[in-house]
Amino acid sequence: MKHLPIPHVSLIAIIEVVAILVGALSGFVEARRKRMDIVGVFTVAFIAAFGGGTLRDILLDKRPLFWVQHQEYAILIFVLALLATPLMKTVRQIISERVIVVADAIGLGLFAVAGVAQAQTAHMPIFIASMMGVITGIFGGVLRDIVCNEVPMVFRDGKPYAICAFFGAWLYIGLQYTDVSDDFALWTSAAFITILRLVTWKFDLHIHYHKNP
Amino acid sequence: MKHLPIPHVSLIAIIEVVAILVGALSGFVEARRKRMDIVGVFTVAFIAAFGGGTLRDILLDKRPLFWVQHQEYAILIFVLALLATPLMKTVRQIISERVIVVADAIGLGLFAVAGVAQAQTAHMPIFIASMMGVITGIFGGVLRDIVCNEVPMVFRDGKPYAICAFFGAWLYIGLQYTDVSDDFALWTSAAFITILRLVTWKFDLHIHYHKNP
Amino acid sequence: MKHLPIPHVSLIAIIEVVAILVGALSGFVEARRKRMDIVGVFTVAFIAAFGGGTLRDILLDKRPLFWVQHQEYAILIFVLALLATPLMKTVRQIISERVIVVADAIGLGLFAVAGVAQAQTAHMPIFIASMMGVITGIFGGVLRDIVCNEVPMVFRDGKPYAICAFFGAWLYIGLQYTDVSDDFALWTSAAFITILRLVTWKFDLHIHYHKNP
């Protein structure tokens with residue numbers, strides 16, 4: 001059970017690109033809803049895609065930033081922003097909401113767990129590391145909504161999005177105290193977040209917070 | 001007068017906890033007013049409590065951040081966020097507005113002067129150091145209001161809040177040119193800010209800015 | 001053509017002060033429209049003047065920040081904020097919108113090209129360097145609008161402001177592959193941005209983005 005084969009690096013690269021594209025797509029949609037111009041559409045998409053990881057790296061004082069090392073992602077979002085108006089209609093026709101939610105859930109799992117791992121590499125205490133995982137997963141959307149002059153969706157819709165990332169972060173931290181390999185812990189926790197997110201989405205679960213149980 | 005006994009370290013720790021709790025409380029209140037869920041309540045409370053010091057440390061490039069070194073404060077706010085709904089009613093019954101204002105004024109004094117001292121340790125020029133003190137004191141509330149999609153209260157209510165911190169920062173800087181001890185300068189300036197804030201609150205003083213006198 | 005005389009250093013200093021003042025002025029106007037008090041007026045003006053460069057330096061992890069090294073600029077904005085109410089009326093009478101637009105366009109050119117140069121000094125890849133130039137030129141205004149609880153103007157008015165900075169950034173990058181001197185490349189690109197901005201302003205050009213051509 002310990003030395004599971006690690007998926008080939010190009011699988012990670014594909015997941016990464018898909019997750020970034022889904023983040024950017026959420027930015028395109030929000031920016032266009034606000035009738036933004038091309039500059040706004042690109043910037044908001046960029047912030048939605050990279051904002052969480054960038055905030056985490058600034059808090060950890062880690063450089064270079066992910067998108068600085070991989071300028072091809074910035075260029076990709078730039079090209080997509082130029083094409084966003086005609087593209088959006090096609091994307092909506094081809095790709096159903098279901099596909100977007102699944103891709104987003106995969107991205108949430110991957111980035112949250114990666115955020116925890118990076119925080120631990122930077123010797124953060126574990127509760128802070130779990131917070132850094134959640135920040136990586138959700139602050140792209142938070143910053144997107146702030147720039148678009150909205151109360152961040154993830155803070156008010158009561159859907160367990162950040163909470164899935166939080167539980168998965170702690171699963172990853174917990175698995176480190178067992179004798180499973182770090183790769184296994186990482187992939188299991190990411191998959192756990194993705195599945196938890198999809199299950200709560202499927203059954204439209206909400207956390208009722210304001211009414212006392 | 002010069003070698004005043006320094007208050008015991010646990011007094012500072014108590015003031016610190018109280019000031020952080022008051023900051024977090026302002027976040028709880030604002031987040032709930034916006035009907036945020038548990039994720040929003042925790043995040044906004046956290047930002048309100050630590051946003052000012054975090055922004056200062058990012059500007060100064062100082063790491064690790066305060067709340068990273070003391071994860072017990074993050075855990076405390078996390079637990080309080082879980083309890084906030086039932087707690088809020090009790091807090092309101094037990095603790096009057098007066099108590100909150102006093103605690104907040106103590107926190108403002110302490111954090112503003114500490115902010116100046118840290119900026120000076122990082123060799124900032126004095127005007128910038130005074131600004132860093134004010135930023136430490138007020139930007140928790142500013143970032144809280146931005147995340148809650150409001151024009152920051154401290155920028156528009158005309159009450160001398162930042163201004164108290166600013167005068168106290170300069171008192172602290174000024175006292176460094178006399179032969180009083182640094183401890184005395186620090187405590188005197190913090191107390192000055194607290195008292196000035198309470199006096200202006202008591203008499204409901206406003207700075208009339210838009211009408212020329 | 002290669003060894004053009006570099007304008008005297010005090011010319012740069014004058015342009016710098018004027019560009020900062022114009023940035024601050026945009027903050028004064030916006031803060032007063034929001035009925036902010038003196039604290040808000042100073043802070044928003046400061047953010048409008050220095051926000052773009054500060055964000056760039058945080059992303060590049062470059063310290064000390066420009067305004068920390070030159071506290072005289074912070075003091076200048078502070079004094080102007082104290083005088084802003086009586087000053088504003090006079091400024092409006094003396095200085096026409098035309099003058100402000102010209103000064104702003106000069107500032108945009110200068111700061112965008114300087115932003116590219118600084119990013120290249122920090123070994124950023126070229127697309128990222130061009131983005132850093134645009135960020136330097138526009139994010140003062142973006143952060144100003146976010147603090148004032150508005151959707152950033154530069155993201156929604158369809159006027160080619162960021163786009164002028166972007167083209168000028170690439171002109172500067174392109175000229176580095178020719179045998180012109182770096183000074184010539186820098187001044188030509190800055191002038192190009194300024195002129196492009198003024199031409200598009202003069203003819204009131206807009207980028208129509210939402211309607212397909």
Side-chain angles (χ1 to χ4, degrees), chain A residues 52 54-63 108 119-120 122-132 134-135 137-139 141-167 169-170 173 200 205-213, chain B residues 27-28 30-48 50-51 53-55 57-79 81-90 142-152:
Chain A
T54 300
L55 178 59
R56 179 204 59 217
D57 287 349
I58 289 173
L59 293 173
L60 297 180
D61 206 17
K62 182 176 168 293
R63 298 292 189 293
L108 180 67
Q120 289 184 310
H123 306 292
M124 297 290 113
I126 57 171
F127 187 79
I128 303 301
S130 75
M131 280 179 60
M132 290 293 173
V134 179
I135 287 172
I138 72 169
F139 259 79
V142 169
L143 293 172
R144 173 200 67 205
D145 292 349
I146 290 173
V147 171
C148 289
N149 204 21
E150 299 280 349
V151 176
M153 181 62 75
V154 73
F155 291 164
R156 65 188 157 102
D157 65 1
K159 290 177 191 164
Y161 189 87
I163 290 169
C164 295
F166 185 72
F167 283 144
W170 281 100
I173 292 168
T200 59
L205 296 182
H206 285 69
I207 308 285
H208 291 289
Y209 179 65
H210 288 284
K211 294 170 192 159
N212 291 334
Chain B
F28 288 143
E30 186 72 14
R32 283 174 53 87
R33 190 181 299 151
K34 290 285 176 171
R35 311 278 317 153
M36 283 188 181
D37 58 25
I38 175 72
V39 178
V41 167
F42 169 65
T43 309
V44 172
F46 193 88
I47 288 171
F50 297 117
T54 300
L55 178 59
D57 287 349
I58 289 173
L59 293 174
L60 297 180
D61 205 18
K62 181 175 169 293
R63 299 292 189 292
L65 301 170
F66 178 79
W67 48 272
V68 164
Q69 280 181 298
H70 300 278
Q71 71 166 340
E72 60 274 16
Y73 291 130
I75 295 168
L76 178 62
I77 293 177
F78 181 75
V79 172
L82 292 174
L83 302 172
T85 295
L87 205 85
M88 197 69 76
K89 215 176 282 180
T90 317
V142 169
L143 293 173
R144 173 200 67 207
D145 292 348
I146 290 174
V147 170
C148 290
N149 204 21
E150 298 280 349
V151 177

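What you see below is based on every heavy atom in this structure, not just the backbone, and it leaves out hydrogens, waters and symmetry mates. Letters go in sequence order (proteins before strands), and every chain restarts at 1. Computed from a prediction, not measured in an experiment: that's the story for all the values here.
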Closest approach of [X] and [Y], non-hydrogen atoms and distance?
{"X": "A:Met124", "Y": "B:Val68", "value": "SD-CG1, 3.4 Å"}
{"X": "B:Asp37", "Y": "A:Gly158", "value": "OD2-N, 2.8 Å"}
{"X": "B:Ala74", "Y": "A:Ile128", "value": "CB-CD1, 4.1 Å"}
{"X": "B:Cys148", "Y": "A:Val151", "value": "O-CG2, 3.8 Å"}

Most heavy-atom pairs under 4.5 angstrom with chain B, which of A:Met132, A:Met131, A:His206?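 When all of A:Met132, A:Met131, A:His206 are compared, A:Met131 has the most.
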
Do B:Thr54 and A:Leu59 have side-chain heavy atoms sitting under 4.5 Å apart?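 B:Thr54 reaches A:Leu59 side chain to side chain.
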
Is the shortest side-chain heavy-atom distance between B:Ile38 and A:Ile163 below 4.5 Å?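 Yes, at least one pair of side-chain atoms sits under 4.5 Å.
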
Should we count NE2 of A:His123 as having more than 12 external heavy atoms under 6.0 Å?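 Open.
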
More than 12 heavy atoms of other residues, nucleotides or ligands under 6.0 Å from CZ of A:Phe167: yes or no?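 No, not enclosed.
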
Holding to side chain to side chain contact (heavy atoms under 4.5 Å, CB included), I want the full list of residues that pass it with B:Ala45, two or more places apart in sequence or in another chain.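 Applying side chain to side chain contact (heavy atoms under 4.5 Å, CB included) to B:Ala45 gives B:Ala24, B:Phe28, B:Ile77.
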
Top contributor to chain A contacts, counting heavy-atom pairs under 4.5 Å, from B:Ile146, B:Asp61, B:Ile75, B:Asp57: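 Result: the option with the highest number of such pairs is B:Ile75.
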
Reported CD-to-CD1 distance for the pair B:Gln71 and A:Ile126, which is rounded to 0.5 angstrom: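 Going from the CD atom of B:Gln71 to the CD1 atom of A:Ile126 covers 6.5 Å.
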
In Å and rounded to the nearest 0.5 Å, what is the OH to CZ distance from B:Tyr73 to A:Phe127?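 Going from the OH atom of B:Tyr73 to the CZ atom of A:Phe127 covers 15.0 Å.
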
So what's closer than 4.5 Å to chain B heavy atoms on [X]: side chain, backbone, both or neither?
{"X": "A:Ile58", "value": "both"}
{"X": "A:Ile135", "value": "neither"}
{"X": "A:Phe166", "value": "side chain"}

At a 4.5 Å cut-off on heavy atoms, which part of B:Leu65 comes close to chain A: side chain, backbone, both, or neither?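 Side chain only.
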
Give every residue pair that meets the side chain to side chain donor-acceptor pair (under 3.5 Å) criterion with at least one member in residues 150-160 of chain A, sequence neighbours excluded.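 Residue pairs passing side chain to side chain donor-acceptor pair (under 3.5 Å), neighbours aside: A:Lys34-A:Glu150.
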
